[in-house]
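One structure below.
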Amino acid sequence: MDTEANVSNRTDDSRDDAVREEQPYISYLYERLDLLRERTAARLAELYRQPGFNHQAVWDREAFVARDVERLQRLGSVDRGLCFGRLDFTDQRTSYIGRIGLSDDEYENLLVDWRAPAAEPFYRATAADPGDLARRRHIQTRRREVVAVDDEVFAPDRLPAGSQGTLRGEAALLASLTAHRTGRMSDIVATIQAEQDRIIRSPLAGVLVVQGGPGTGKTVAALHRAAYLLYTYRDRLSEKGVLVVGPNRTFLHYIDQVLPSLGETGVVMSAVDELFPGVQAGSPDPDEVAVVKGDARMAEVIAAAVREHQRVPRGGRTVKIDRVVLALDAATCRKARTKARRSRRPHNAARRVFVQEILDHLAAEHARLLGDVVEDDDLAEIRSDLQGEPEVTALLDELWPRLTPQQLIGALFTDPGLLKAAGSALDDTERSLLERTGNEWTPADVPLLDEAAELLGDAGDTDAAARAAAAQEEAEVRFARELLDSLELDMPVDPELVAERYRGTPTRRSVGERAASDRTWSYGHVIVDEAQELSPMAWRMIMRRAPGRSMTVVGDIAQTGAAAGARSWGDVLDEHVPGRWRQETLTVNYRTPSEVMDTAAGALAAIDAHVSPPASVRSTGVRPWVRPVGSGMLADAVAEATAAEAETVAPGNVAVIVPAADLDSVYAALTAAMPSAVSRVDNSATLDSPVTVLTVAQVKGLEFDAVVVVEPAQIMADSARGATDLYVALTRPTQRLGIVHAQALPDVLDPATLEVRGRA
């Protein structure tokens with residue numbers, strides 16, 4: 001009879017056999033990848049050497065250059081984990097699954113792209129419904145070497161003899177969950193679960209809401225969805241691009257390696273407060289101010305502020321040109337303003353209509369006063385002369401000034417008279433909250449600037465030369481598109497890029513680069529993460545980027561911390577896409593151990609007693625700990641506890657989440673105790689240090705091996721949504737959670753879930 005040890009040894013032997021079995025094929029795939037890189041690089045070099053004998057030759061060359069540059073980038077980004085899976089079917093067919101698709105010179109398929117329909121069984125097959133799968137194999141590699149193989153066998157009798165001994169179920173998933181964090185989010189392409197795969201492969205059209213609690217993988221599923229959409233709908237998205245919007249720059253840095261690791265480099269990533277080019281937002285407003293700025297009524301206020309700059313003077317105006325005094329009555333100004341407004345153009349474009357009407361009147365008045373009979377050509381000359389007169393220019397600027405968004409919003413908040421005139425939608429208290437003396441922009445100002453830009457339009461002069469240049473550029477892009485259609489390339493090439501290269505632009509600008517610098521760019525798809533934090537005005541700004549309303553909205557209503565954030569998805573989306581949005585809910589917590597979720601359960605119940613937490617897939621057997629300390633000893637106690645946690649989870653990372661008031665003192669104590677091992681997050685910081693100090697507002701969407709939460713009672717007291725902030729802080733760890741406090745613990749923390757450590 002076999003002993004347990006004998007069974008274990010035999011299983012280990014069979015695993016080793018499986019590793020040896022897979023290595024030759026994996027090596028062959030890497031050889032093929034290297035060969036394709038060499039061929040693409042050589043073809044690209046040859047293209048650059050080709051002379052452009054005529055326009056057609058230049059267009060042809062640049063189209064192929066653009067194609068091969070993109071292909072080389074894709075081939076160069078998939079080295080890590082090129083192949084991670086194998087499917088064995090009951091009819092003896094075998095398919096290998098990887099980051100990209102590969103074929104040999106006879107077009108025989110060697111590796112199936114994970115996004116292809118043929119790869120779906122790798123993610124969707126279950127023991128209850130395996131389809132025609134006999135086995136699903138997870139292949140783990142380090143560099144180019146196979147290091148482990150994990151099998152899920154569905155039909156043992158349909159597999160070759162001797163290949164049934166490596167059953168490990170969800171070992172690959174659990175290995176990825178327990179791996180140490182590095183300060184960068186990793187892709188999950190090898191361990192996508194069925195509920196995540198359903199989201200990733202959801203159709204492009206419409207607005208998809210991905211609702212999920214902490215640790216459910218909603219962010220990484222959304223990023224894989226971006227890669228899937230670019231693969232499946234490349235012809236529709238390659239020219240318009242995909243925009244990923246995150247809450248801050250730290251979060252974007254945390255996720256910025258996911259899409260390149262999946263072979264996609266053309267996605268634009270932006271924080272919400274970076275969506276208005278040329279404006280850098282500083283510190284956030286107090287909650288009560290942010291709530292007013294984020295209110296949808298601000299759209300009415302801004303529109304009214306624009307109208308306040310379209311003036312009709314009481315009693316009219318006069319201008320003196322040489323010895324002639326020209327009268328401009330209020331009725332003429334009112335008529336000109338009405339005609340300009342009825343043009344339905346933005347303010348700065350409509351100004352040309354207003355100016356034309358006023359100049360026509362002044363020119364006719366000038367001719368009448370001189371007693372001359374003039375022809376149309378003479379009137380045109382008079383109009384031209386008048387337009388150059390400083391006094392006329394000053395009058396026109398007074399009645400209908402050119403405005404930038406910065407000028408309009410700056411004036412609105414610093415001119416009490418303008419704010420009162422435009423702000424009738426607000427009450428006196430709300431208007432007083434908006435008043436300020438300087439023009440330092442805050443994150444809540446960015447959607448307001450964007451709203452103003454939409455109403456104002458371009459503040460520059462659009463003369464004939466500019467219009468001619470725009471027409472020429474449009475013609476070049478049209479010609480490039482027709483040429484590319486005739487070439488019948490096997491992958492899409494951006495016609496604007498080809499036209500730009502032909503014009504001799506010194507640097508190659510991708511779709512992402514052009515889109516990032518253009519406020520009016522319309523994206524093919526927009527992904528919004530931590531979307532519950534967006535105010536109604538921020539949603540208006542986001543929706544302008546997605547006029548086709550193809551969006552993925554990711555978040556958790558229970559984690560809404562922003563004072564102006566969402567209370568339900570219906571409240572947010574019914575305003576913009578009534579009846580045209582759908583919701584998928586992630587219910588499994590892959591990140592947070594059950595012991596940590598037990599501690600966080602009270603905070604979630606305080607947010608909404610009817611919300612169930614996501615079910616954790618694993619337990620660590622380690623209860624969260626709590627350490628009470630005396631007054632004045634908090635910072636040193638945090639430093640001591642953090643050093644111990646960092647040693648325990650090394651080489652992983654630790655987050656210390658603190659109330660804003662304790663940030664400086666805790667950071668100073670940590671840097672004194674752990675020199676060179678501690679970083680302090682701001683919106684541009686990375687998460688590469690062993691220990692990172694953050695506030696709750698900075699930690700949204702991030703995860704760490706261990707977390708030390710400092711003064712939970714103060715975290716709750718600092719915000720109107722204090723229970724939400726505490727819930728967010730408690731649910732960041734993948735392994736260990738600790739709490740250090742001098743104030744009494746809040747009632748939402750159940751002492752039975754905590755292991756008490758000695759008082760300092």
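Computed over heavy atoms, backbone and side chain alike; hydrogens, waters and symmetry mates excluded.
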Go through D529 and V244 one step at a time and tell me if the side-chain contact (heavy atoms from CB on, under 4.5 Å) criterion holds. CA-CA 8 Å; D529 207 341; V244 176; 5.7 Å; no
Using a strict threshold of under 4.0 Å (side-chain N to carboxylate O), is an ion pair present between [Y] and [X]?
X: R544; Y: E451; value: yes
X: K339; Y: E357; value: yes
X: R297; Y: E300; value: no
X: R234; Y: E264; value: yes
X: E274; Y: R249; value: yes
X: D458; Y: R402; value: no
X: K420; Y: D415; value: no

Can you list every pair that meets side-chain hydrogen bond (donor to acceptor under 3.5 Å, both in side chains) and has a residue in residues 316-327, with sequence neighbours left out?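 Output for this query lists R317-E398.
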Only counting residues at least two apart or in another chain, list the ones meeting ring pair (Phe, Tyr, Trp, His ring centres under 6.0 Å) with F354.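 So F354 forms a ring pair (Phe, Tyr, Trp, His ring centres under 6.0 Å) with W400.
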Heavy-atom side-chain contact between [X] and [Y] under 4.5 Å:
X: Q356; Y: R383; result: yes
X: P405; Y: F276; result: yes
X: L230; Y: L259; result: no
X: P416; Y: E435; result: yes
X: H347; Y: L455; result: no
X: M551; Y: M543; result: yes
X: L275; Y: D450; result: no
X: M298; Y: L448; result: yes

For D574, which residues count as a side chain to side chain contact (heavy atoms under 4.5 Å, CB included) partner, sequence neighbours excluded?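 With sequence neighbours excluded, D574 shows a side chain to side chain contact (heavy atoms under 4.5 Å, CB included) to W581, given in chain and number order.
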Counting only heavy atoms not in R549, do more than 12 fall under 6.0 Å of its CZ?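 Atom CZ in R549 is crowded, with more than 12 foreign heavy atoms closer than 6.0 Å.
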Working for side-chain contact (heavy atoms from CB on, under 4.5 Å), residues V553 and L208: CA-CA 6 Å; V553 174; L208 171 65; over 6 Å; no
Could you verify whether a donor N or O on one side chain and an acceptor N or O on the other, from Q310 and E308, lie under 3.5 Å apart?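 No, E308 and Q310 have no side-chain donor paired with an acceptor closer than 3.5 Å.
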Any chance the side chains of R582 and S202 put a donor and an acceptor closer than 3.5 Å?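 Yes, S202 and R582 have a side-chain donor paired with an acceptor closer than 3.5 Å.
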